[in-house]
There are 2 protein chains.
Amino acid sequence: MDKNIDTVVVSSRIRLARNFENIPFPSRMSQDQAFSIVMKNTYDSIKKMGDYKIYTMETLPSLTRQVMFEKHLISKNLIEEPSFSAVILSSDEKISVMVNEEDHLRLQCILDGFNLDEAYKKINEIDDIILKENNIAFSEELGFLTACPTNLGTGMRASVMVFLPALSMLGKIDELVDVVHKFGLTVRGATGEGSSADGFLFQISNQVSLGLSEEKIIEKVKNTVLKICEIELNARNELMLRDPDLVTDECMRSFGILSCCYKISGKEFNSLFAKLKLGVFLDILKCKDRKLLSTIEKIVQPATLLEVSGKELDSEERDVFRAEYLRKTLNGCIIL
Amino acid sequence: MDKNIDTVVVSSRIRLARNFENIPFPSRMSQDQAFSIVMKNTYDSIKKMGDYKIYTMETLPSLTRQVMFEKHLISKNLIEEPSFSAVILSSDEKISVMVNEEDHLRLQCILDGFNLDEAYKKINEIDDIILKENNIAFSEELGFLTACPTNLGTGMRASVMVFLPALSMLGKIDELVDVVHKFGLTVRGATGEGSSADGFLFQISNQVSLGLSEEKIIEKVKNTVLKICEIELNARNELMLRDPDLVTDECMRSFGILSCCYKISGKEFNSLFAKLKLGVFLDILKCKDRKLLSTIEKIVQPATLLEVSGKELDSEERDVFRAEYLRKTLNGCIIL
C-alpha cells in the first residue's frame with residue numbers, strides 16, 4: 001500500500017499566514033512599512049535559521065518570477081503585484097516565505113510525497129523564530145489575524161497534490177469532489193484557485209483554518225488523502241479490467257509521441273506525460289529512474305525550460321526545444 | 001533525379017489478356033473447358049519456361065488467397081469466383097498468370113521500381129510460348145480478342161504504382177488526375193478499380209489497349225509517370241518550404257506511434273507508415289535499410305501478417321501482433 005500511495009501523492013505543502021501587529025495589510029501599507037519593517041524584520045529573523053536568500057519581486061527578471069511560480073514557490077498574485085513584495089527562499093527551495101502577498105507573510109514548506117507532518121515541523125521552526133522576535137497579530141478569541149477571514153485562526157493551509165489519472169479517465173472526478181467535500185475540504189487544479197486540472201493533478205486542502213488545531217487539520221487532510229488514494233487505486237484496477245489493451249496502447253503511444261516528436265506544446269506535454277506516468281505506475285512501461293522522470297516533468301515547464309535553454313526562444317522554438325530535450329532524456333529512462 | 005524517382009515509383013506491372021480460340025469466355029465456359037483445356041494447356045506451356053507452380057483457387061485455403069491478393073498476384077475477382085480458376089506463379093513471384101478470371105488468361109509481371117521495359121520483356125517470353133503452342137483468339141482487324149472491349153487490341157495494361165504523399169497532403173490530387181487524363185491514362189487507388197488511395201499510393205495505367213503498339217503504350221505510361229514524379233517532387237519541396245516544422249513533426253510522430261504502440265489497425269498503419277516513408281525520403285528520418293522498410297510494409301498487411309504469425313488471431317489480436325512486429329523491427333531500422 002505504502003508504495004502505491006507514492007504513485008498518487010505527488011507532494012505535501014503546509015502554508016501559514018502571519019501579519020505584523022499595527023501595520024496595515026499589504027493592500028494599504030506604505031512603502032516604508034513594506035520594506036523597512038515587514039521585509040527587513042522577517043528576513044533578519046529567518047536568516048538565523050540557515051542559508052536563506054531574499055529576492056524583492058520588482059528587481060527579479062520576469063523569467064525568474066515565472067520559474068518560481070512553476071516551482072510553486074510564489075503565487076500568481078506576487079507576480080502580478082510585485083511593487084512591495086519579496087520572497088525568502090531556503091537554498092534547497094523547500095521553504096519559501098512570500099512577503100506582502102495578501103498577508104504580510106505566507107510561510108510555506110513543500111516536500112515531495114506524502115509528508116505533511118515533516119512539512120509542518122519544518123515550517124514551525126521558521127514560524128517560531130518569527131513569533132519570538134516580532135509582534136505578530138494574534139487574538140485570544142480568533143487566533144492569528146489575516147487579511148481574508150477564511151485564513152483566520154491557525155492561518156494554516158495543509159495541501160496535498162494528488163495524481164488522479166484513472167478517476168479522470170473514467171469520468172469520476174465528481175465522485176472525488178463529493179468525498180473531499182464530505183470531509184469539509186476543498187479540491188482545486190494543480191496551480192491553485194481556478195486553475196484546471198492539467199495532467200490529472202489536483203490539490204486537496206482544508207477550506208477553513210478556524211476552530212481546529214493545526215494537528216487536527218493535518219489529520220483530517222491526511223485521512224481524506226488516504227481515502228482518495230484508495231478510490232484512485234481502485235479506479236486504476238477498474239480501468240485495467242475494463243479494457244487493458246486500450247489503456248496499454250494509450251500509455252505506450254504517449255511515450256512514443258513524447259520520445260519522438262519534433263515539437264510539443266506545454267499543454268500537450270502535460271496531457272501525454274500524465275499517461276506516460278500512469279503507464280509506469282501500472283507497470284506497462286518500465287522506468288529505469290523515477291526521479292529523473294519527475295525532474296523531466298519540472299524542467300519542460302515553459303519558464304523553467306527557457307531558463308535551462310539559456311536562449312531567447314519564441315513559443316514555436318520553445319516547443320521544438322522541449323521535444324529535443326524529451327528525445328534526449330526519455331529514451332534512456334523508459335523502456336518498452 | 002534517378003535516385004529521387006525511386007522515392008516516387010514503387011513498382012511496375014505489365015499485364016496481358018489472352019483467350020483461347022473457340023472456347024467460351026470464363027463466364028460461360030464448362031468445367032471441362034476450364035480445367036482440361038485452358039488450365040492444362042497453359043500450364044503445360046508455361047512450365048517449360050522455368051520453375052512454375054499452379055494453384056487451383058478452390059483448393060487454396062482462404063488465407064493463402066488473401067495473401068496472394070495482398071501481394072497483387074491475383075485479383076479480387078479470382079477470390080470471389082474461385083470455382084473454375086487457378087493461378088500459375090513463378091518461384092520468385094514476379095510472374096503470375098491468372099487462369100479463367102475475366103479472360104482465360106491474364107499474364108502479369110510485377111517488378112519493384114520503375115521497370116516497365118524489363119517487365120514487358122519477361123512477360124513476353126511467357127506470352128510467346130503460349131502463342132506458339134496454343135490457338136489464341138486474334139483478329140487481324142482488332143488484335144487480341146478479350147471479354148471486355150477495353151482490353152481489345154494489344155490486351156496489354158501497363159501500370160506503375162506511385163507514392164504521392166506531398167500531392168495528397170497539399171490537396172493536389174486533382175492536379176494529378178488532370179495530368180493523367182491529359183495523357184489519356186487512368187489513375188486508381190493502390191488495390192485496383194474503385195479502391196481508395198490508402199497510404200498515398202496510386203496506380204497509373206493505360207485506359208485502352210487498342211490502336212497503339214505495346215511499345216507506344218509503355219512509352220506513354222513512362223512519360224506520364226516521369227511527369228508525375230516531377231510534380232510530386234516539386235510538391236515535396238513546397239511542403240517543406242511552407243511549414244518544415246509541421247512536416248518534420250508529423251513524420252517523427254508517425255515513427256513514434258508506429259514503433260511504440262501496443263496495437264494498430266491496418267488502416268492506421270498504412271496512413272502512418274506513408275508519413276514515415278515521406279520522412280525517410282525527405283531525410284527527416286534516417287533509415288538504415290530501405291529494403292527492410294518495404295518488407296515490413298508488406299508483412300504487416302492483414303492476411304500476410306496472419307500467415308507470418310502462424311496463429312489464429314481475431315482482428316483485435318492481429319492489431320496487437322502487428323504492433324509487436326513493428327516494435328521489434330522498426331526501432332533498429334529507423335533512427336531519429
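Proteins come first, then strands; the chains are lettered A, B, ... in the order of their sequence lines, and each starts at number 1. A quick note: this is a predicted structure, and the numbers were derived from the prediction, not measured.
- Distance alone, capped at 3.5 Å, places no donor-acceptor pair between the B:R253 side chain and the A:G256 backbone.
- Considering only heavy atoms from C-beta on, B:M252 stays 4.5 Å or farther from A:C261 through its side chain.
- Residues A:R327 and B:L336 come closest through the heavy atom pair CD-CD1, 3.6 Å.
- Of the inter-residue distances, the one linking A:T248 atom OG1 with B:K263 atom NZ reads 9.0 Å to the nearest 0.5 angstrom.
- Of the listed residues (B:L246, B:I257, B:I264, B:D245), the greatest number of heavy-atom pairs within a distance under 4.5 Å of chain A belongs to B:D245.
- If you measure heavy-atom distances from B:I284 to chain A, you find no contacts under 4.5 Å at all.
- Contact detail for B:Y262 and A:D249: the closest heavy-atom pair is N-OD1, 2.8 Å.
- For B:E316, the part lying near chain A is the side chain, with the backbone staying farther off; criterion is any non-hydrogen pair under 4.5 Å.
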